[in-house]
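Structure first, then comments.
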Amino acid sequence: MGNESQGTTVLKVENLCKSFDKEEVLKSVSFELNKGEVLAIIGSSGGGKTTLLRCLNQLIIPDKGRIIVNDDVIFDDALGKENEKNLRTKRLHFGLVFQQFNLFPQYNVFNNLTLAARLLAKENNKKNGGSQEELKKEYAKIDEEATKLLERVGLKDKMKAYPCELSGGQQQRVAIARALILNPDILCFDEPTSALDPELTGEVLRVIEGLKSNDNTMIIVTHEMEFARRVASKIIFIADGVIEEIGTPEEVFENPKSEKLKSFFSKSVEVISQNS
Amino acid sequence: MFLEVTLQMLDGFKLTVFIFLVTLLGALPLGLIITFGSMSKIKVIKSITKAFVWVIRGTPLMLQIILVFYGPGLILGSKGIGRLPAVLVAFIINYACYFSEIYRGGIESISQGQYEAGQVLGMTKTQIFFKIILAQVIKRIIPPMGNEIITLVKDTSLARVVSCVELLKAAQDIVGLKAIIWPIFYIGAFYLLFTGVLTILFGKIEKKLDYYKG
């Protein structure tokens, strides 16, 4: 609760709409997020959780609405289509960790982290007319940062390994480090443990939990209710493209108001009891 | 006699290798351009490219060689472009079309997630293609490309249809001139040697790219 009042608003989503063909997947979704908050988005499959995340990352261009990050309007349907260059810069406000990791198989762990950062550094260097020396310094900084991040996710010893040599949990931890290296304002996770064997989800969830701080703002689409309850400072429940409930974990989990959320919880409990 | 025949056949073999190399040099990059055409979002470009590939793949290479060689003279009344250039043009276009389909299959087999990962990391479309996708595509298309390139070695013999003296024609000439039959078997050894070298080469490339999966 404390974080909410302290933090400055990092993300504002206003009336976001998206349809595929004629099916409305997001129906006027609005919410705000403060710095340092962890938002968990829950809901049944097909409810629009992933679409919302992909709209934020501009992997899907929304039909209507506005997305504002730190006072920078990154999407506004009134402004029309962005060119690719602007789109790229705006995407960098967000980091995204995918369900399927999507590491680059031909690069080792270290180069998976540094590839994009180095390309960006090179581009900026060229744009600013910097020297080769300066670029080398930038590269050294990136390498140092990559090493630090790998240490943070506990994979420093796997630096030279290729993704195919890692377990799913390790691959996902590399993917998290890769998303962090570009210093996004908001780090998004799209069901980060859904593709993992049950015994591997713990290590990934621990890393995500470890990232929680006053500086890191995160959005996590997840089916791990326990995790959402423990780690999130805000919960959004989406059903049929509408935010049915939004609130603190206590409010949402202990005092669900909408019928849809109540039935969602009872189904989740069924699943849990069936599994155990 | 054996030495004399061998030397004469080596002359033919040189032309075979020449056609082979020039075709590769032209068709490998041209194929990529055709691929981009057949994957284009602009419908007109896509349909024209697809129709072109259909025509080229749907008619015999031998017919194409004849058309390129005689066509300009018959239709325009011009002098034409010469035997060897006609062969090379026909080969390059024909193989570029086959290569383009292999490339397309390779590119389409790469998961959308690889593109998306590049996008969320702020990479440009060009960077994503050349830094992420291409290497994975190359790894995947090596086996079918090996197939196609070995077929090319043997297809070079079609050049004789417009009297280019490549290996097969050279042997045939000897057979006709000297009334001996064995050179026609002997050239089999040349082809086997050539394709053998290529097989080993492709094996090595595959092994070299074996350090990762995916």
Side-chain angles (χ1 to χ4, degrees), chain A residues 53-54 56-60 83-109 111-124 160-166 171 174-175 178-184 186-188 190 195, chain B residues 28 32 35-37 39-43 45 102-146 201-214:
Chain A
L53 210 57
R54 294 167 77 82
L56 294 179
N57 282 280
Q58 312 266 301
L59 286 176
I60 298 173
N83 61 34
E84 202 206 325
K85 206 176 160 208
N86 281 342
L87 207 59
R88 277 178 60 215
T89 9
K90 300 200 162 174
R91 270 197 190 116
L92 288 175
H93 283 294
F94 292 93
L96 178 59
V97 174
F98 298 87
Q99 190 176 349
Q100 302 289 350
F101 333 129
N102 293 337
L103 295 179
F104 307 132
Q106 75 269 42
Y107 292 109
N108 66 25
V109 164
N111 290 336
N112 257 282
L113 262 68
T114 55
L115 176 70
R118 277 176 170 241
L119 286 172
L120 277 173
K122 197 173 171 185
E123 197 180 324
N124 287 335
K160 297 266 179 271
Y162 287 89
C164 62
E165 297 163 340
L166 302 177
Q171 288 192 49
V174 173
R178 183 177 70 175
L180 283 169
I181 200 164
L182 295 176
N183 270 321
I186 300 160
L187 184 56
C188 304
D190 185 11
Chain B
L28 287 172
L32 195 60
T35 306
F36 290 143
M39 293 177 76
S40 170
K41 279 180 192 149
I42 304 163
K43 276 201 177 131
I45 295 179
I102 296 179
Y103 295 163
R104 189 172 64 83
I107 291 172
E108 285 176 353
S109 75
I110 306 295
S111 84
Q112 199 56 33
Q114 291 288 309
Y115 292 91
E116 290 176 352
Q119 282 176 337
V120 295
L121 290 168
M123 293 169 78
T124 64
K125 279 183 183 160
T126 322
Q127 286 171 343
I128 291 172
F129 184 76
F130 285 103
K131 299 277 177 187
I132 302 173
I133 307 299
L134 189 61
Q136 296 178 47
V137 170
I138 290 174
K139 183 180 160 88
R140 287 183 194 192
I141 65 173
I142 289 292
M145 285 301 277
L201 192 71
F202 271 95
K204 284 207 162 138
I205 297 173
E206 265 184 60
K207 208 163 182 189
K208 204 172 169 202
L209 295 176
D210 214 24
Y211 69 91
Y212 73 88
K213 288 193 187 69

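Note that the structure is a prediction, hence the values are computed from the model and not measured. Lettering follows sequence order; numbering is per chain, from 1. The figures that follow rest on heavy atoms only: side chains count, while hydrogens, waters and symmetry mates do not.
When each of N108(A), L87(A), L59(A) is scored by its heavy-atom pairs under 4.5 Å with chain B, the top score falls to L59(A).
Interface remark: Q106(A) contributes backbone and side-chain atoms alike to the contact with chain B (heavy atom separation under 4.5 Å). Of the atoms belonging to Y115(B), not a single heavy atom falls under 4.5 Å from chain A. Heavy atoms closer than 4.5 Å to chain B are found in the side chain of E123(A), but not in its backbone. Residue Q127(B) touches chain A through its side chain alone, counting heavy-atom pairs closer than 4.5 Å. Looking at I181(A), neither its backbone nor its side chain comes within 4.5 Å of chain B, counting heavy atoms on both sides. Only the backbone of F94(A) comes within contact range of chain B, with at least one heavy atom under 4.5 Å from a heavy atom of that chain. Both the backbone and the side chain of R178(A) have a heavy atom closer than 4.5 Å to some heavy atom of chain B. Heavy atoms closer than 4.5 Å to chain B are found nowhere in F101(A), neither backbone nor side chain.
Under the 3.5 Å distance criterion, the side-chain polar atoms of R91(A) are left unmatched by any main-chain donor or acceptor of V120(B).
Residues of residues 130-140 of chain B lying under 4.5 angstrom from chain A, judged on non-hydrogen atoms, are K131(B), I132(B), A135(B), Q136(B) by number.
When every heavy atom of N102(A) is checked against every heavy atom of A117(B), the shortest pair comes out as O-CB, 3.6 Å. Of all heavy-atom pairs between G122(B) and L120(A), the closest is O-CD2, 4.3 Å. Between R88(A) and T124(B), the closest heavy-atom pair is NH1-CG2, 3.0 Å.
When P105(A), P163(A), C164(A) are each tested for a side-chain contact (heavy atoms from CB on, under 4.5 Å) with K213(B), only one passes: C164(A).
With contacts defined as side-chain heavy-atom distances shorter than 4.5 Å, the pair M123(B)/L115(A) qualifies.
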